[in-house]
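Have a look at the structure below before the remarks.
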Amino acid sequence: MSMRTIRQLPYDHDELFSGEISRMIPYHRMYGKSYCVPALTMFQETELADLQAASEAVHSIYRKVQHFVQRYMPDEYLVERLGIHPGLLRAARMEAAPDGITRQDWIVGEAGIKCIENNTDTPTGIPEVAYLEGKLLEILNEAGGSREDTALLGPSAGMDDAIQRALIDLIHFYSSKGLGTKVYFTCYDWHIEDQTNTKYIMRLCEQAGFEVVYAPLEELEIIPGEGLYHRGEPIHILYRLYPLEYLIDDREEDTGLEVGQALMDMVADGKVGLINPPQHIITQSKGFTATIWSLYERNEQTPEFCGFRLFNDQELEVIRTYLLPTYFEPTVFMQNEQPYVAKGIWGREGKGTHLIVSADTENKLEVPALTEQWAKAVPSNVSDEADAPLTPEQEEAAHIAAYYESQPKIYQRLWPMQSAEVQTEEGLYHGYVLTGVFVIGGRFAGILPRIGEKVTGDMAYYCAAAVPTVSHESPGRS
């Protein structure tokens, strides 16, 4: 398989990621190494067109099956198969809300393009795609880095507008329910990546004409049955970069008050509107991907269950072409001796994911349950030192590993990734490309290429997307 073309920019890291860029993307270095690299991931115009059409078609499938699950699947299915906390069920079944911000993860290569999962609850990578991609191309073009007959265009130039349109739709919807138009934005204030993503969206919301307030999670107060507050002011619309599967288990340390449950009850009662909407928890579960495939294989049986054929012929073709066989157990792959991937249903950044090439031996190719930073915190001979006390960092690492490894799993056909080489501060890195595709308000909005291991973890490099196009005009940003 051919390698993805990477174009190195004529700058070193500190020269490029400084000044305005450093202020806008303060996490251009993470875990003691570079995260953003001075290079571009090159996509052809035909590939971009294919990704745009495919991602929107897959999004439509997700939305259709989400509504099917909400209307026809019992609570037991949502809890046992999708892994949704019972305390989230009422809010998860709320249907009438516009769509929000989602990011699909695609493998793009000669074997065909496949969507391997969908991040629909709290997708990140937004400032990189909406701002940094265009800024890098602007710097390159100003320096005369494009050939005379070829302009480099950014595929994500319209992402800011897409985010604003989605926010406007959601805020107007919540306003029609009596929740006003003032929006509070929350995340953990100490988490610089989350804070940057949150404030970037907050600025776009403010530019769209709405009153906004940044309210860190640490400053929120919940009075059960009454309301959600920030410094004494009631909150009716909340953008939160905080996963619902975490939030539902939140309790006050002193009193044990179940504040997460209290908040979700207010959401279900229509007192607080969430961005992204709460039904995104259904599609965030990786069990949802297995649900789509199960319904695809049983499409002719759905009339017996609900009175109609769920997918038409065109939708069946979309699923067959762009999704992968995914199940709640690995029997099919083991019987056919096919390589597959085991994923925790709430896995994030590669944690809880295993690549298995031999069903007999379960030979795990990649197990990025921990970041390199965490891995260094846990001694390799920890089992031999059972009596030795763990440091706080080691305890946290063990807790995180246990959390992701103990989750129920889904099993998905392994699809070959395209390789790439990129020059980094640490030297030449040979890795594999995972292409994130933002779909916002149901429409394609931008691309997040990352180069990492065969399981893309939080140590992967962001390498901005660019598309060469024959043109004599200045590429600019629209």
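- Residue T283 forms a side-chain hydrogen bond (donor to acceptor under 3.5 Å, both in side chains) with just one option from T120, T102, N118, and that option is T120.
- Between D99 and R443, none of the side-chain N atoms (NZ, or NE/NH1/NH2) sits under 4.0 Å from a carboxylate O, so this pair counts as no salt bridge.
- The two residues E315 and I61 have their closest heavy-atom pair at CB-CD1, 3.7 Å.
- Checked by atom type and distance alone, the side chain of T198 pairs as donor or acceptor with a backbone atom of D194 at under 3.5 Å.
- Contact detail for K409 and A342: the closest heavy-atom pair is CD-CB, 4.0 Å.
- For the atom pair N119 CG and F438 CZ, the distance stands at 8.5 Å (nearest 0.5 Å).
- The aromatic rings of Y35 and Y27 lie tilted to each other, with the angle between the two planes from 30° to 60°.
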Next on the checklist: For Y327 and Y411: C-alpha separation, side-chain torsions, deciding distance, then whether ring-ring contact (aromatic ring centres under 6.0 Å, His included) applies.
Outcome noted: CA-CA 5 Å; Y327 303 97; Y411 304 87; 9.3 Å; no

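- Panel note: side chain W346, backbone G83; a donor-acceptor pair is recorded below 3.5 Å.
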Item to check | Check against side chain to side chain contact (heavy atoms under 4.5 Å, CB included), R413 and K114 | outcome: CA-CA 11 Å; R413 180 182 171 187; K114 296 289 184 180; over 6 Å; no

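- Taking the side chain as every heavy atom from C-beta outward, F17 and Y11 never approach each other to under 4.5 Å.
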Item to check | Test side chain to side chain contact (heavy atoms under 4.5 Å, CB included) applied to L40 and M42, step by step | outcome: CA-CA 6 Å; L40 300 172; M42 306 303 291; 4.1 Å; yes

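- Looking at H191 and L241, their side chains never come closer than 4.5 Å, going by heavy atoms from C-beta outward.
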Checklist entry - Given the rule in the salt bridge (charged side-chain N to carboxylate O under 4.0 Å, His left out) test, do D14 and R29 qualify, once you have shown the distances and angles that lead to the verdict? => result CA-CA 10 Å; D14 288 333; R29 280 195 182 92; 2.8 Å; yes

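- In this structure, E426 places its CD atom where more than 12 heavy-atom neighbours from other residues, nucleotides or ligands lie under 6.0 Å away.
- Remark: Y242 OH to L217 CG distance equals 6.5 Å, nearest 0.5 Å.
- With contacts defined as side-chain heavy-atom distances shorter than 4.5 Å, the pair M30/D458 does not qualify.
- Residues E425 and K33 are not paired through a salt bridge, judged by the lack of any N-O separation under 4.0 Å between the basic side chain and the carboxylate.
- Classification of R450 and D105 as a salt-bridged pair holds, one side-chain N sitting under 4.0 Å from a carboxylate O.
- Side-chain N or O atoms of Q104 include none that pairs as donor or acceptor with a backbone N or O of V437 at under 3.5 Å.
- Looking at every heavy atom in both residues, R103 comes nearest to T124 through NH1-O, 3.0 Å.
- Between H13 and H28, the two ring planes are tilted [angle within 30° to 60°].
- The shortest non-hydrogen separation linking C205 to L167 is CB-CD1, 3.8 Å.
- By the 4.0 Å N-to-carboxylate-O rule, D121 lies close enough to R240 to be salt-bridged with it.
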Item to check | L434 vs I116, side chain to side chain contact (heavy atoms under 4.5 Å, CB included): CA-CA, chis, key distance, verdict | outcome: CA-CA 10 Å; L434 183 68; I116 61 172; 3.7 Å; yes

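- Between the W415 side chain and the G112 main chain, a donor and an acceptor come within less than 3.5 Å of each other.
- A donor-acceptor distance shorter than 3.5 angstrom exists from the side chain of Q195 to the backbone of D189, with no hydrogens or angles considered.
- Tested against K135, the residues E142, E20, E128 include a single salt bridge (charged side-chain N to carboxylate O under 4.0 Å, His left out) partner, E20.
- Between Y296 and L323, every side-chain heavy-atom pair lies at or beyond the 4.5 Å cut-off.
- The backbone N or O of E117 sits nowhere less than 3.5 Å from a side-chain atom of K286 that would complete a donor-acceptor pair.
- Here the shortest heavy-atom pairing between P416 and I107 reads O-CG2, 3.2 Å.
- One distance of note links CZ of R7 with CG of L152; it measures 5.0 Å at 0.5 Å rounding.
- Taking 4.5 Å as the limit, every side-chain heavy atom of Y239 sits out of range of all side-chain heavy atoms of V212.
- Between V37 and Q423, the closest side-chain pair of non-hydrogen atoms is not below 4.5 Å.
- For S156 and E133, the side-chain atoms include at least one donor-acceptor pair closer than 3.5 Å.
- Between K454 atom NZ and T353 atom OG1 the span is 15.0 Å, to the nearest 0.5 Å.
- A salt bridge links R320 with E317: the distance from a Lys NZ or Arg NE/NH1/NH2 to an Asp or Glu carboxylate oxygen falls below 4.0 Å.
- Counting heavy atoms from C-beta on, the side chains of P123 and N276 come closer than 4.5 Å.
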Next on the checklist: Before you tell me yes or no, could you show the steps for Q412 and W293 under side chain to side chain contact (heavy atoms under 4.5 Å, CB included), namely the whole-Å CA-CA distance, both residues' side-chain angles and the distance that decides it to 0.1 Å?
Outcome noted: CA-CA 10 Å; Q412 185 178 72; W293 196 260; over 6 Å; no

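- Checked by atom type and distance alone, the side chain of Y174 never pairs as donor or acceptor with a backbone atom of V272 at under 3.5 Å.
- Side-chain contact, D160 with Y200: a donor N or O sits under 3.5 Å from an acceptor N or O.
- Here the side chain of T186 pairs a donor or acceptor atom with the backbone of A215 at under 3.5 angstrom.
- Side chain of E47 to backbone of Q44: a donor-acceptor contact under 3.5 angstrom is found.
- S175 contributes no side-chain N or O that, together with a main-chain N or O of I171, makes up a donor-acceptor pair within less than 3.5 Å.
- Contact detail for I113 and A54: the closest heavy-atom pair is CD1-CB, 3.9 Å.
- No side-chain heavy atom of H85 sits under 4.5 Å from any side-chain heavy atom of L244.
- Every residue meeting the side chain to side chain donor-acceptor pair (under 3.5 Å) condition with Y62, not counting sequence neighbours, appears here in chain and number order: T289.
- Note that CH2 of W106 and CG of D50 are 9.5 Å apart. Values are rounded to the nearest 0.5 Å.
- The CG atom of D12 sits 11.5 Å away from the OG atom of S34 when rounded to the nearest 0.5 Å.
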